[in-house]
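Notes for the one structure printed next.
Residue numbers start from 1 in every chain, and the chains themselves are labelled A, B, ... in the order their sequence lines are given, proteins ahead of strands.
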Protein chains: 2
Amino acid sequence: MRSLAHPALHDITLAGILHALSDETRVAIFAGIAGSACAQRCAAYATVSEKPVPKSTLSQHFKALREAGLIRSERQGVAMHNTSRCAEIETRFPGLIPAIIGAYLAEAESR
Amino acid sequence: MRSLAHPALHDITLAGILHALSDETRVAIFAGIAGSACAQRCAAYATVSEKPVPKSTLSQHFKALREAGLIRSERQGVAMHNTSRCAEIETRFPGLIPAIIGAYLAEAESR
DNA sequence: TTCGATAGTTCCGGAAACTAGAACTATTGA
DNA sequence: TCAATAGTTCTAGTTTCCGGAACTATCGAA
């Protein structure tokens with residue numbers, strides 16, 4: 001397995017973030033990771049919003065979030081530990097992630 | 001020309017907004033419209049960030065912004081008047097658009 | 001009322017991106 | 001060494017995106 005690529009903070013772009021989060025499944029995964037105190041395994045999201053997500057698709061989604069700079073993934077034994085990079089991003093784009101998470105929660109609640 | 005479709009406020013989705021703004025050209029156009037007091041013609045964005053944008057592509061971009069609910073377009077004689085729907089969206093997703101515009105400006109400034 | 005100019009839209013083919021099944025790789029525990 | 005677990009990569013079918021060419025709508029002459 002090749003080493004996982006994480007962009008440096010200054011390589012994270014707004015368009016990249018918005019694109020990564022413009023997918024229902026990915027924004028749900030990211031909200032879950034960002035809202036959790038502890039690291040999350042990929043497999044924790046084998047079903048998202050009551051829909052099963054195939055393994056390969058899930059892997060692609062995590063890759064997209066990783067390459068956008070939204071999460072950090074580290075192998076821990078056989079599993080993967082995923083944590084959000086919210087704090088870092090906050091220094092570059094203050095208020096952006098909280099606003100998106102807020103909108104996500106508002107939308108989820110109204111459904 | 002068929003009448004232009006604008007989604008109702010409650011049909012505007014977060015994913016739709018993020019997708020529409022996940023394109024460099026579109027977010028630049030939207031920031032221009034949102035930051036302007038008066039309505040903007042499509043042709044005002046025939047070049048964005050010093051890159052020329054083909055007419056057909058520009059039309060598609062405006063359509064994407066319109067269908068995401070971000071702008072309102074009305075024919076005014078031979079031209080189109082485009083205005084942002086920021087105020088409406090603010091009631092549904094408070095703080096979202098300002099945060100994105102802020103991030104866009106921060107990124108534009110750092111380049 | 002026809003002609004020309006202007007401003008967008010639609011059509012369409014090639015390019016790029018997304019989805020998900022199948023096969024593969026890495027790590028751990030028996 | 002083997003089996004199980006957790007992800008990744010390969011690949012093909014589908015969908016979406018880009019931009020040139022052709023089309024439509026509106027207005028202002030003449």
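- Taking 4.0 angstrom as the limit, R66(A) places none of its side-chain polar atoms (N or O) nearer than this to OP1 or OP2 of dG7(D).
- Residue pairs meeting the side chain to side chain donor-acceptor pair (under 3.5 Å) criterion with at least one partner in residues 43-60 of chain A, sequence neighbours excluded, are Q40(A)-Y45(A).
- Spacing between atom CZ of F62(A) and atom P of dT8(D) amounts to 9 Å, rounded to whole angstrom units.
- Hydrophobic clustering of Ile, Leu, Val, Met, Phe, Trp and Tyr side chains at less than 4.5 Å, counting indirect connections, unites L18(A) with L9(A).
- In this structure, the helix from dT1(C)-dA30(D) to dA30(C)-dT1(D) shows an angle of 10° between the axis at its start and the axis at its end, each fitted on 5 base pairs and rounded to 10°.
- In this structure, S22(A) has no side-chain hydrogen bond (donor to acceptor under 3.5 Å, both in side chains) partners at least two apart in sequence or on a different chain.
- Using a 4.0 Å cut-off on heavy atoms, the residues of residues 15-25 of chain B that approach DNA chain D are H19(B), D23(B), listed by number.
- Residues from residues 33-60 of chain B lying near DNA chain C, meaning a heavy-atom separation below 4.0 Å, are R41(B), C42(B), A43(B), K55(B), S56(B), S59(B), Q60(B) in numerical order.
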Which atom pairs, one a donor and one an acceptor, fall under 3.5 Å between side chains of residues 25-32 of chain B and the rest of the protein, sequence neighbours left out?
{"unit_1": "R26(B)", "atom_1": "NE", "unit_2": "A20(B)", "atom_2": "O", "d": "2.6"}
{"unit_1": "R26(B)", "atom_1": "NH1", "unit_2": "H61(B)", "atom_2": "ND1", "d": "3.2"}
{"unit_1": "R26(B)", "atom_1": "NH2", "unit_2": "H19(B)", "atom_2": "O", "d": "3.4"}

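- Between I17(A) and I97(A) there is a side-chain heavy-atom pair separated by less than 4.5 Å.
- With contacts defined as side-chain heavy-atom distances shorter than 4.5 Å, the pair L4(B)/F62(B) does not qualify.
- Pairs passing the salt bridge (charged side-chain N to carboxylate O under 4.0 Å, His left out) check and including a residue from residues 86-102 of chain A, sequence neighbours excluded, read R72(A)-E88(A), R85(A)-E88(A).
- Distance CD (Q76(A)) to P (dG7(D)): 12 Å, rounded to an integer number of Å.
- Distance CD (E74(A)) to C1' (dA26(C)): 16 Å, rounded to an integer number of Å.
- Note: CG (L65(B)) to P (dG8(C)) measures 14 Å, nearest angstrom.
- Take A79(A) and apply the side-chain contact (heavy atoms from CB on, under 4.5 Å) test, not counting sequence neighbours, and it matches R41(A).
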Indicate every side-chain donor-acceptor pair of residues 103-111 of chain B with a distance under 3.5 Å to a residue at least two apart or in another chain.
{"unit_1": "E107(B)", "atom_1": "OE2", "unit_2": "L14(A)", "atom_2": "N", "d": "2.9"}
{"unit_1": "S110(B)", "atom_1": "OG", "unit_2": "E107(B)", "atom_2": "O", "d": "3.0"}

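- Partners of A8(B) under the side-chain contact (heavy atoms from CB on, under 4.5 Å) rule, at least two apart in sequence or in another chain, are H10(B), D11(B).
- Across all strands shown, H61(A) has heavy atoms under 4.0 Å from sugar-phosphate atoms exclusively, and none from any base.
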